[in-house]
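Here is the structure we will look at.
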Protein chains: 2
Amino acid sequence: MADDDRVFKALADPTRRLLLDLLFAREGRTLTELESEVAMTRFGVAKHLKVLEEAGLVVTRRSGREKLHFLNPVPIRLIHDRWIDKYTERHVTALVDLKKALEDEP
Amino acid sequence: MADDDRVFKALADPTRRLLLDLLFAREGRTLTELESEVAMTRFGVAKHLKVLEEAGLVVTRRSGREKLHFLNPVPIRLIHDRWIDKYTERHVTALVDLKKALEDEP
DNA sequence: TTGACATGTGACCTTTTGGTCACCTAACTT
DNA sequence: AAGTTAGGTGACCAAAAGGTCACATGTCAA
């Protein structure tokens with residue numbers, strides 16, 4: 001499977017995105033800790049984490065019998081760069097910021 | 001289905017990403033024109049374009065019996081903003097640029 | 001060293017997704 | 001008006017993905 005294909009397939013599942021959100025909020029979590037937040041058995045969570053790791057979206061470090069998980073933002077940035085060139089980026093960010101501002105103050 | 005779910009699901013398929021690449025290179029293409037580039041029947045391509053449109057990644061404009069397709073970069077930017085904060089962005093872009101430079105000059 | 005804890009593996013089943021086809025409507029051309 | 005061109009719909013089948021379980025390994029603590 002191609003490298004970028006793994007990334008996009010990994011991002012396609014809502015549970016996996018939630019796991020990324022959890023790691024974005026606080027990194028270095030274990031499987032057991034993540035399991036307690038996602039309404040699914042440990043096996044399901046482990047499978048999802050494996051997919052994320054093979055996609056390079058999550059990197060891990062072993063510490064004794066625990067495995068710590070960290071979010072890797074690089075593949076996300078590459079998605080961005082694929083369809084948003086430097087010139088367009090200025091317009092898009094302005095647009096997104098405007099949209100957010102309008103939503104915050106109705 | 002949630003809004004962001006549609007976007008990520010849409011991006012999960014390689015043919016749909018190719019369609020986005022084609023529209024990124026040159027916008028305003030018709031179904032028939034896109035069909036000629038993707039080794040698939042018209043029906044398959046039409047289905048993929050529908051998924052992209054419902055996700056908001058592609059916007060369309062009718063012109064007579066033709067339907068013109070355009071890439072919308074906003075959802076892509078939102079993916080970026082979800083997991084890369086302003087502070088991290090500086091480090092990540094630097095890292096990505098360095099990686100690209102190293103790949104270009106071996 | 002015994003038991004509890006943290007994680008890994010392969011089989012299994014159900015649901016979702018990708019692709020094609022027969023058939024259809026709408027618009028341009030002559 | 002008739003033929004051609006651009007696109008849309010719903011049914012269908014094969015392949016892939018999501019989730020759970022029985023079973024297994026390695027690590028810590030008393």
Side-chain angles (χ1 to χ4, degrees), chain A residues 1-23 26-71 75, chain B residues 1-23 26-71 75:
Chain A
M1 197 193 282
D3 231 49
D4 70 321
D5 202 35
R6 266 190 288 269
V7 173
F8 288 106
K9 284 254 171 31
L11 290 173
D13 183 85
T15 303
R16 287 196 288 267
R17 292 197 298 274
L18 172 58
L19 290 171
L20 291 181
D21 289 338
L22 291 170
L23 292 179
R26 183 163 51 79
E27 303 211 87
R29 307 208 200 200
T30 67
L31 165 62
T32 312
E33 186 182 351
L34 292 168
E35 172 206 345
S36 68
E37 310 224 30
V38 294
M40 188 183 300
T41 64
R42 176 175 59 83
F43 309 100
V45 179
K47 218 176 202 177
H48 284 307
L49 285 173
K50 190 186 177 197
V51 173
L52 288 168
E53 192 175 352
E54 287 178 345
L57 285 161
V58 162
V59 290
T60 61
R61 183 162 54 81
R62 275 221 161 264
S63 166
R65 60 180 165 184
E66 292 185 332
K67 189 177 181 183
L68 306 178
H69 298 77
F70 301 83
L71 172 63
Chain B
M1 195 193 282
D3 231 49
D4 69 321
D5 202 35
R6 265 191 288 270
V7 174
F8 287 107
K9 286 252 170 34
L11 291 174
D13 182 84
T15 302
R16 287 195 288 267
R17 292 196 298 277
L18 173 57
L19 289 171
L20 292 182
D21 288 338
L22 291 170
L23 292 179
R26 182 163 50 78
E27 303 210 88
R29 307 208 200 199
T30 67
L31 165 61
T32 312
E33 186 182 352
L34 291 167
E35 172 206 344
S36 68
E37 308 225 29
V38 294
M40 189 183 300
T41 64
R42 176 174 60 86
F43 310 100
V45 178
K47 217 176 202 176
H48 285 307
L49 285 173
K50 190 186 177 196
V51 173
L52 288 169
E53 192 175 353
E54 287 177 346
L57 284 161
V58 162
V59 291
T60 61
R61 183 163 55 81
R62 274 219 161 266
S63 166
R65 61 182 164 182
E66 292 186 333
K67 190 177 178 184
L68 306 179
H69 298 78
F70 301 82
L71 172 62

Worksheet item: Within the distance-only criterion (no hydrogens, no angle test), does the side chain of B:Arg42 pair as donor or acceptor with the backbone N or O of B:Leu31 below 3.5 angstrom?
Response: no

Discussion item. Below the 4.0 Å mark, does C:dT25 have OP1 or OP2 next to a side-chain nitrogen or oxygen of B:Arg65?
Written reply: no

Worksheet item: Does B:Lys67 have a side-chain nitrogen or oxygen under 4.0 Å from the phosphate oxygens OP1 or OP2 of D:dG8?
Response: yes

Practice prompt. Please report, rounded to the nearest Å, how far the P atom of C:dG18 is from the CG atom of B:Leu18.
Written response: 15 Å

Item to complete: Determine whether B:Leu20 and B:Val58 make a side-chain contact, defined as any pair of heavy atoms from C-beta on separated by less than 4.5 Å.
Response: yes

Item to complete: Output the single nucleotide from D:dC21, C:dC5, C:dT7 whose closest atom is nearest the side chain of A:Thr41.
Response: D:dC21

Worksheet item: Donor-acceptor pair, A:Arg29 side chain versus A:Leu19 backbone, under 3.5 Å?
Response: no

Worksheet item: Taking atom P of D:dT9 as reference, at what distance in whole Å does atom CD of B:Glu53 sit?
Response: 11 Å

Response to the item:
Of C:dT17, C:dA6, D:dT20, the nucleotide closest to the side chain of A:Lys47 is D:dT20

Practice prompt. Could you check how far CZ of B:Phe8 sits from P of D:dG18, rounded to whole Å?
Written response: 14 Å

Practice prompt. Check for a donor-acceptor pair, side chain of A:Arg16 on one end and backbone N or O of A:Lys9 on the other, with a separation under 3.5 Å.
Written response: yes

Practice prompt. For B:Arg62 and for A:Val51, locate the closest nucleotide of DNA chain D by heavy-atom distance; then report the residue assigned to the nucleotide nearer the 5' terminus.
Written response: B:Arg62

Practice prompt. Specify the separation, in whole Å, of atom CG of A:Leu31 and atom C1' of C:dG8.
Written response: 10 Å

Discussion item. Does C:dT7 have its OP1 or OP2 closer than 4.0 Å to a side-chain nitrogen or oxygen of A:Thr32?
Written reply: yes

Response to the item:
Among the nucleotides C:dT7, C:dC21, D:dC21, whichever has the atom closest to the side chain of B:Phe43 is C:dC21

Worksheet item: Roughly, in whole Å, what's the span from CE in B:Met1 to C1' in C:dT17?
Response: 10 Å

Item to complete: Pick base, sugar-phosphate or nothing for A:Gly64, based on heavy-atom distances below 4.0 Å to the nucleic acid.
Response: sugar-phosphate

Worksheet entry | A:His48 side-chain N/O to D:dG19 phosphate OP1/OP2 under 4.0 Å | yes

Worksheet item: Can you find a side chain N or O atom of A:Arg16 that sits less than 4.0 Å from OP1 or OP2 on D:dG18?
Response: yes

Discussion item. From NZ of A:Lys9 over to P of C:dT17, roughly how many Å is that when rounded to an integer?
Written reply: 12 Å

Item to complete: Please confirm whether the backbone N or O of A:Glu33 pairs with a side-chain atom of A:Thr30, one donor and one acceptor, at under 3.5 Å?
Response: yes

Fill in: Atom-to-atom span, CZ of A:Arg42 to C1' of D:dA22 - whole angstrom
11 Å

Worksheet item: In whole Å, what is the span from the CD atom of B:Glu33 to the P atom of D:dA6?
Response: 11 Å

